[in-house]
J.: 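Attaching a single structure in structure tokens format; questions to follow.
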2 protein chains.
Amino acid sequence: MESQDLRKAGLKVTLPRLKVLEILESAEQRHMSAEDVYKRLLNMDEEIGLATVYRVLTQFEGAGLVSRLSIDGAHAVFELEDGSHHDHLLCIRCNRIEEFIDEVIEQRQREIAQQKGFEMTDHSLYIYGVCRDCQQKNES
Amino acid sequence: MESQDLRKAGLKVTLPRLKVLEILESAEQRHMSAEDVYKRLLNMDEEIGLATVYRVLTQFEGAGLVSRLSIDGAHAVFELEDGSHHDHLLCIRCNRIEEFIDEVIEQRQREIAQQKGFEMTDHSLYIYGVCRDCQQKNES
DNA sequence: GGTGTAAATGAGAACGTTTTTCATTTATAT
DNA sequence: ATATAAATGAAAAACGTTCTCATTTACACC
Ligand SMILES: [Mn+2]
Ligand SMILES: [Mn+2]
Ligand SMILES: [Zn+2]
Ligand SMILES: [Zn+2]
């Protein structure tokens, strides 16, 4: 019952919020843009505006239910927050997104921040490349 | 003589391009947004449009003369390309930007890409935090 | 179950950054 | 000097995202 998640987050239980949560939970793609979510809503014949989708996703972010990736110049994408930090690998051909976590990198980042006198609050790491599938498609 | 840099890059030698190059070379801040460059031009009483500044910076990027940082949701910032890759630390209070390079992180990234079957083409790493100066200003 | 109130929504306007369009100007090869 | 392709300025458009404001809705209380 997702209603509890919403109430716990101090948000009223409304149809747009339930539907957006449902989409994020059942999507085959874990990382979705606001536009992706909006299109899915249209397919489900839900008359929910794009502005509402943005609002809801932003509120979910504030409530810690989702996190937002700000990839380069592209759209922001959102994913359900599962409490575990991770970073991302992106295919520049097909936009596939893979996740990874590397403690060595995490630790080095902390050391670099300390060495430069920074109190680290966050970091953002994206590795770009061509995924295995896209490499094969390109063999000539 | 910056004209040579331009000609080498296959770009005609024009006043806007010379001025933008000059600004990037003499700026006290190594990282500048298009707007920053444009404002500097106005101060120098050069009547160069913002669209031209964007165009020139984008061409310089294509020619390998400058590189573009796409920081989170903020403006893009540009810096003169010196051939040496580095990553960035950003102060979330005063927007100060510091540079660093860490071979351990670079190497781990290569390993992660390989492990996931990606042919790595690029990466982007930003560490966010509060710089030393801004920490002191906040002591209560 | 009604009622009142604050919160949430939809539609479209506004936003800030960046790109495009198009008529005019300019650099450069001849 | 001339011709031609490239570069420019100004304004409009594009883009993703946020805001405004009139209307609707959730839900605390009776
Ligand atoms: Mn993820
Ligand atoms: Mn730099
Ligand atoms: Zn791919
Ligand atoms: Zn600072």
Side-chain angles (χ1 to χ4, degrees), chain A residues 1-23 31-42 44-63 65-78 95, chain B residues 1-23 31-42 44-63 65-78 95:
Chain A
M1 187 102 295
E2 299 114 328
S3 310
Q4 298 315 316
D5 297 334
L6 293 176
R7 270 191 260 271
K8 223 184 299 170
L11 297 169
K12 283 206 219 172
V13 178
T14 65
L15 192 117
R17 305 215 256 233
L18 283 172
K19 288 293 171 191
V20 171
L21 248 195
E22 182 187 323
I23 286 170
H31 303 90
M32 300 183 83
S33 68
E35 195 84 33
D36 290 339
V37 172
Y38 177 61
K39 282 182 191 145
R40 185 67 50 95
L41 285 167
L42 291 184
M44 298 163 85
D45 288 310
E46 294 293 345
E47 309 234 314
I48 293 171
L50 180 56
T52 299
V53 173
Y54 273 106
R55 260 190 303 240
V56 167
L57 287 170
T58 303
Q59 291 157 345
F60 283 5
E61 186 189 14
L65 292 175
V66 310
S67 49
R68 179 194 306 247
L69 315 190
S70 299
I71 299 168
D72 229 34
H75 305 190
V77 303
F78 300 83
N95 298 313
Chain B
M1 186 105 294
E2 299 113 330
S3 312
Q4 298 315 316
D5 298 333
L6 292 177
R7 270 190 261 272
K8 223 182 300 170
L11 297 168
K12 286 209 231 175
V13 179
T14 64
L15 193 117
R17 305 217 255 233
L18 283 172
K19 287 296 172 191
V20 170
L21 249 195
E22 182 187 324
I23 285 170
H31 303 90
M32 300 183 81
S33 68
E35 195 84 33
D36 289 339
V37 172
Y38 177 63
K39 281 183 191 145
R40 186 66 51 96
L41 285 167
L42 290 183
M44 297 163 86
D45 287 310
E46 295 292 346
E47 309 233 314
I48 294 171
L50 180 57
T52 300
V53 173
Y54 273 107
R55 262 189 301 241
V56 167
L57 288 170
T58 302
Q59 290 156 346
F60 283 4
E61 186 190 13
L65 292 174
V66 311
S67 48
R68 179 195 304 247
L69 315 191
S70 299
I71 300 167
D72 228 35
H75 307 190
V77 303
F78 300 83
N95 298 313

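Chain A is the first sequence line, chain B the second, and so forth, proteins listed ahead of strands; every chain is numbered from 1. Remember, predicted model here, so these are calculated numbers, not experimental data. Scope of the values below: all heavy atoms of this structure, side chains included, with no hydrogens, waters or symmetry mates.
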J.: Where do A:Glu22 and A:Glu2 come nearest, in terms of heavy atoms and distance?
T.: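 Taking A:Glu22 first and A:Glu2 second, the nearest heavy atoms are CA-OE2, 3.9 Å.
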
J.: Let me know the distance between CG of B:Leu41 and C1' of D:dT8, rounded to the nearest Å.
T.: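 From B:Leu41 CG to D:dT8 C1': 13 Å.
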
J.: Would the number of heavy atoms belonging to other residues, nucleotides or ligands and lying under 6.0 Å from CD of A:Gln4 be above 12?
T.: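 More than 12 heavy atoms, drawn from other residues, nucleotides or ligands, come within 6.0 Å of this atom.
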
J.: The helix from C:dG1-D:dC30 to C:dT30-D:dA1: angle between its terminal axes, five pairs each, to 10°?
T.: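 If I round to tens, the end axes sit 30° apart.
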
J.: Mind calculating the distance between CG (A:Leu18) and P (C:dA8) to the nearest angstrom?
T.: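 After rounding, the reported distance stands at 13 Å.
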
J.: Could you state the atom-to-atom distance from CD of A:Glu61 to C1' of D:dT17 in whole Å?
T.: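 Computing the A:Glu61:CD to D:dT17:C1' distance gives 13 Å.
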
J.: For a quick test of reading the model, state the closest non-hydrogen atom pair linking A:Pro16 to A:Thr52 and the distance between them.
T.: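 Taking A:Pro16 first and A:Thr52 second, the nearest heavy atoms are CB-CG2, 3.8 Å.
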
J.: Using the side chain to side chain contact (heavy atoms under 4.5 Å, CB included) rule, take A:Val56 and A:Leu11 through it: C-alpha gap first, then chi angles, then the decisive distance, then the call.
T.: CA-CA 10 Å; A:Val56 167; A:Leu11 297 169; over 6 Å; no

J.: In this structure, how many angstroms lie between the P atom of D:dG9 and the CD1 atom of B:Ile48, rounded?
T.: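 Result: 6 Å.
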
J.: Can you tell me the distance, in whole Å, between the OH atom of A:Tyr38 and the P atom of C:dT9?
T.: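 Going from A:Tyr38 (OH) to C:dT9 (P), I get 15 Å.
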
J.: Taking C-beta and beyond as the side chain, do B:Glu35 and B:Val53 meet within less than 4.5 Å on heavy atoms?
T.: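 Side-chain contact under 4.5 Å: no.
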
J.: Quick check: does any side chain N or O of A:Arg7 sit under 3.5 Å from a backbone N or O of A:Val13, one acting as donor and the other as acceptor?
T.: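 No, the answer is negative, given that no donor and acceptor are paired below the 3.5 Å cut-off.
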
J.: Would A:Ser33 and A:Asp36 count as a side chain to side chain contact (heavy atoms under 4.5 Å, CB included) if you check the C-alpha gap in whole Å, the side-chain angles of each, and the deciding distance to 0.1 Å?
T.: CA-CA 5 Å; A:Ser33 68; A:Asp36 290 339; 3.1 Å; yes

J.: Write down the atom of B:Leu65, the atom of B:Ala9, and the distance for their closest heavy-atom approach.
T.: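 Between these two residues, the closest heavy atoms are CD1-CB, 4.3 Å.
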
J.: What's the CG-P distance between B:Leu57 and D:dA7, to the nearest Å?
T.: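 Nearest whole value for this atom pair: 15 Å.
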
J.: From B:Leu18 CG over to B:Ile23 CD1, what is the distance, rounded to the nearest 0.5 angstrom?
T.: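 Here the rounded value is 11.0 Å.
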
J.: What integer distance in Å separates A:Gln59:CD from C:dA7:P?
T.: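 Rounding to the nearest Å, CD of A:Gln59 and P of C:dA7 are 12 Å apart.
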
J.: Calculate the interatomic distance between B:Leu21 atom CG and D:dA7 atom P; express it in whole Å.
T.: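 Those two atoms, CG and P, are 14 Å apart.
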
J.: List the steps and the verdict of side chain to side chain contact (heavy atoms under 4.5 Å, CB included) for B:Lys19 and B:Arg40.
T.: CA-CA 10 Å; B:Lys19 287 296 172 191; B:Arg40 186 66 51 96; over 6 Å; no

J.: Report all interatomic pairs (protein N or O, nucleotide N or O of nucleotides 17-19 of chain C) with separations under 3.5 Å.
T.:
from   : atom 1 : to      : atom 2 : distance (Å)
C:dT17 : OP1    : B:His75 : NE2    : 2.0
C:dT18 : OP1    : B:Ala76 : N      : 2.9
C:dT18 : OP2    : B:Tyr54 : OH     : 2.2
C:dT18 : O5'    : B:Tyr54 : OH     : 3.3

J.: Quick one, give me the B/S/- string for nucleotides 23-30 of chain D, reading 5' to 3', where B means a protein heavy atom under 4.0 Å from the base and S means that only happens at the primed atoms, P, OP1 or OP2.
T.: ---BS---

J.: Run the numbers on A:Leu6 and A:Phe60 for side chain to side chain contact (heavy atoms under 4.5 Å, CB included), then give the verdict.
T.: CA-CA 9 Å; A:Leu6 293 176; A:Phe60 283 5; 3.6 Å; yes

